[in-house]
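Reviewing the structure listed below.
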Amino acid sequence: MNITLRIWRQHDRDAAGKMVRYSVDGISPDMSFLEMLDVLNEQLTAAGGEPVAFDNDCREGICGMCSLVINGIAHGPEMLTATCQLYMRHFHDGDTIDVEPWRSPAFPILRDLIVDRSAFDRIIQSGGYISAPTGAAPDAAATLVPKEDADKSFDAATCIGCGACVAACPNGSAMLFTGAKAIHLGALPQGQIERNSRALAMVNQHDAEGFGGCTQIGECTAVCPVGIPLDVISRLNGDVLSALRKAKS
Amino acid sequence: MGISDGAGLRSKLRFSVTLHAAMAVSGLIMVLFLLAHMYGNLKIFEGQQAFDGYSAYLREIGEPLLPREGALWIVRVVLLFSVVIHIYAAFTLWLRSRTATAGKGGWRYETRKNRRGVQRSYASFTMRWGGVLIGLFVIYHILNLSADYIAPGGPSPSPYQRMVNDFSIWWVVLSYLIALVALGFHLRHGVWSAFASLGANSSVTRRRVLNQAASLAAVVILVGFLVPPLAIFVGWVR
């Protein structure tokens with residue numbers, strides 16, 4: 001396969017970037033999108049150029065490092081897959097593919113296609129944990145968890161924190177991520193005690209990072225590589241509103 | 001120990017989540033008003049006496065406990081508050097959304113491909129302009145049929161006569177048609193997202209049900225408001 005790529009090149013955080021056109025040939029349809037970029041980088045390096053910087057790690061869809069907007073869609077045209085699980089057979093010989101980083105002022109571009117997603121870390125730090133006493137591991141059946149709650153929690157806990165929801169959101173909102181991180185704890189008995197303060201703290205940090213509000217459009221859940229359901233946002237909204245009703249301050 | 005939410009009441013009231021809830025509640029209040037308004041309009045099919053009588057009755061509700069038009073003024077004040085809160089929340093959230101996308105919304109990518117997103121509906125991305133259009137229409141509508149100030153078909157002390165006079169003119173009907181279609185789209189996404197913003201979307205099934213309910217509300221209100229003007233225009237009601 002011969003592919004023409006238009007890739008966002010930006011030297012560093014403060015530099016101006018632009019789309020640069022490259023052509024790569026000898027691409028196998030069985031290559032993943034990232035392997036195709038590896039081939040491009042080998043060609044660029046061999047020719048004495050600067051390779052394209054992009055984030056990646058596990059390349060099997062579980063780490064959440066890969067982060068490309070391909071032809072305007074976060075993680076590319078295939079549903080429920082991360083960029084690393086996207087294969088070149090989903091494109092055609094001779095295609096022109098546009099590749100850009102996540103775009104959000106809360107995710108500053110560090111270089112080319114790499115963005116700084118530490119805003120997500122700060123949202124988790126603000127409340128994405130439970131307070132538990134240390135010591136010996138508790139008995140496995142000490143806290144009984146209803147199956148439905150366990151399922152709901154696990155659905156939310158599959159979030160890999162890649163940031164595609166922000167990249168796809170017309171409002172630049174990170175509520176799908178924040179909802180997933182708050183709800184996977186709030187759905188369990190262990191997370192009940194701090195459920196209200198967690199919801200408030202995480203939503204407060206979400207807004208402080210400069211993410212926009214959720215208007216329930218659903219683009220986030222459509223591009224999410226692990227299929228986080230849209231209802232995590234509404235359930236977080238419900239927790240925030242019930243926390244506000246109980247707030248004494 | 002424990003999670004500190006780190007936010008005072010002031011900042012809690014300015015959360016995007018709180019503003020969306022305020023927009024949802026004020027919007028749903030206006031939807032309730034629309035249903036009552038639509039019910040009143042349909043009385044046009046009972047004839048002039050019934051319609052004008054109902055209009056007079058609205059001014060007498062609660063008398064003598066309330067002064068004349070007292071109940072009507074309570075409704076007007078509640079609606080005015082709702083409109084102000086709705087617009088304030090919408091404007092604040094719009095500014096945040098602009099800041100969070102470098103002023104470009106869904107068009108912040110260089111590529112021209114898939115600018116309409118993957119699955120979003122026409123209704124969902126026309127909420128803001130649709131809202132502006134509806135706001136302008138409400139001003140025009142109040143000056144037209146309520147205040148009788150803009151009276152292209154000729155003014156009249158009878159509300160029934162005002163409707164018949166104005167909706168006999170094609171461009172008046174057209175202007176209401178355009179506004180009502182905009183309202184229908186606004187409600188299609190607005191009713192769904194209002195419930196979701198208030199925490200009602202608790203599962204995948206619930207998402208589908210709420211969306212169907214929003215479609216139903218939009219269609220009922222659109223059709224309910226369109227029937228009287230169209231019936232007048234084609235001459236069924238004269």
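Every chain is numbered from 1 and lettered A, B, ... according to where its sequence line falls, protein lines coming before strand lines.
- Distance check, rounded to the nearest 0.5 Å: CD1 of I233(A) to OG of S197(B) gives 9.5 Å.
- Considering every non-hydrogen atom in both Q119(B) and G218(A), the closest pair reads NE2-C, 2.9 Å.
- Of all the heavy atoms in H189(B) and Q216(A), the pair that sits closest is CE1-O, 3.1 Å.
- H20(B) is listed as a side-chain neighbour of T215(A), based on a closest heavy-atom distance under 4.5 Å.
- Between the OG1 atom in T18(B) and the CG atom in L200(A) there is a gap of 8.5 Å [rounded to 0.5 Å].
- If you measure heavy-atom distances from A106(A) to chain B, you find no contacts under 4.5 Å at all.
- For the pair N114(B) (side chain) and N71(A) (backbone), a donor-acceptor distance under 3.5 Å is present.
- Taking a 6.0 Å sphere around CZ of F185(B), one finds it holds 12 or fewer heavy atoms contributed by other residues, nucleotides or ligands.
- When all heavy atoms are compared, the tightest approach of A100(B) to F211(A) is CB-C, 3.9 Å.
- At a threshold of 4.5 Å between non-hydrogen side-chain atoms, the residues D207(A) and R14(B) do not count as touching.
- Using modelled atom types and a 3.5 Å distance limit, the side chains of T111(B) and D98(A) yield a donor-acceptor pair.
- Proximity to chain B is absent for every atom of A174(A), based on heavy atoms less than 4.5 angstrom apart.
- With rounding to the nearest 0.5 Å, the separation of CG in L198(B) from CG in N237(A) is 8.0 Å.
- For chain A, the nearby part of T99(B) is the backbone; its heavy atoms alone come within less than 4.5 Å.
- In this structure the side chain of K12(B) never reaches within 4.5 angstrom of the side chain of N204(A), judged on heavy atoms.
- Closest approach of S197(A) and I3(B) over heavy atoms only: CB-O, 3.4 Å.
- Closest approach of A196(B) and S234(A) over heavy atoms only: O-OG, 2.6 Å.
- A 4.5 Å side-chain heavy-atom check between V118(B) and M79(A) finds at least one atom pair inside the cut-off.
- At a 4.5 Å heavy-atom cutoff, A123(B) makes no contact with chain A through either its backbone or its side chain.
- Here L230(A) is the residue among V240(A), L230(A), L241(A) with the most heavy-atom pairs under 4.5 Å with chain B.
- Put simply, the side chain of R207(B) does not reach to within 4.5 Å of the side chain of D231(A), judged on heavy atoms.
- Open room surrounds CZ on F154(A); 12 or fewer heavy atoms of other groups in view lie less than 6.0 Å from it.
- Considering every non-hydrogen atom in both V166(A) and R108(B), the closest pair reads O-NH2, 2.7 Å.
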